[in-house]
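Working notes for the structure below.
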Amino acid sequence: MFLFLLVSLAGHLLNSGPASAAVTVVKTLSGEDALQHLQETNTVCGAVASAKYVESSREKSTYLDLDRPYPNQTCAVVITASVRPKFKDPPETTFMGKNICVTGFITASHGKPQVIITDPSQITIEESATPATNSTGTGIAK
């Protein structure tokens, strides 16, 4: 009898239905699209066009501006002072000029979308999707 109750309880816990509203669907967005997805958790990808560590500010944040340099960026990645020491190298030099994707909660500041990261693992460097070519342009690297 006890085993039956234990199995029934386990089955009920495993089949408790859909999860609560905390579940989010992650989409991959461009910086341009991020503004239409405020208050959502998504992945935003783009080229880091400008990067700056604002050491003189009270927040001491690092900004990675996607697609166009500040103040015309399509989206900003904000690395707070508490997260910055978790990076092996300064993020403003590591990511400058690279294509990156950042996954996190999208908010807005001064009418521009931004993602404030809480862990370095939220940022990935994307490798070029173009195939390597040889001198004949066949797309096959030798």
Please name the pair of heavy atoms, one in Ala34 and one in Val44, separated by the smallest distance, quoted to 0.1 Å.
-> CB-CG2, 4.1 Å
Shortest non-hydrogen separation from His37 to Glu40 and the atoms involved = ND1-OE1, 2.9 Å
Ignoring hydrogens and geometry, is there a side-chain-to-backbone donor-acceptor pair from Lys112 to Ala76 under 3.5 Å?
-> no
Please answer whether the main-chain N or O of Ser109 pairs with a side-chain N or O of Gln114 as donor and acceptor at a distance below 3.5 Å.
-> no
Steps toward side chain to side chain contact (heavy atoms under 4.5 Å, CB included) verdict (Phe105, Ile116) | CA-CA 7 Å; Phe105 192 70; Ile116 300 172; over 6 Å; no
Can a salt bridge be assigned to the pair Glu127 and Lys98 using a cut-off of 4.0 Å between side-chain N and carboxylate O?
-> no
If you take all heavy atoms of Pro85 and Ala81, which pair is closest and at what distance?
-> CD-O, 3.0 Å
What closest approach, in Å, do Glu92 and Ala51 show between heavy atoms, and which atom pair accounts for it?
-> O-CB, 3.5 Å
More than 12 heavy atoms of other residues, nucleotides or ligands under 6.0 Å from CD of Glu59: is that the case?
-> yes
Between Glu55 and Arg84, is the closest basic N to carboxylate O distance under 4.0 Å?
-> no
Check Cys75 against Gly31 and note the closest heavy-atom contact, atom names and distance.
-> CB-CA, 4.0 Å
Over all atoms of both residues, closest heavy-atom pair of Cys45 and Thr28 = SG-CG2, 3.7 Å
Counting N and O atoms only, with roles assigned by atom type, does the side chain of Ser50 sit under 3.5 Å from a partner on the main chain of Tyr70, one being a donor and the other an acceptor?
-> yes
Do other residues, nucleotides or ligands put more than 12 heavy atoms under 6.0 Å from Lys52 NZ?
-> no
Candidates Leu29, Thr43, Ile123, Val77 - the one meeting side chain to side chain contact (heavy atoms under 4.5 Å, CB included) with Cys101 | Thr43
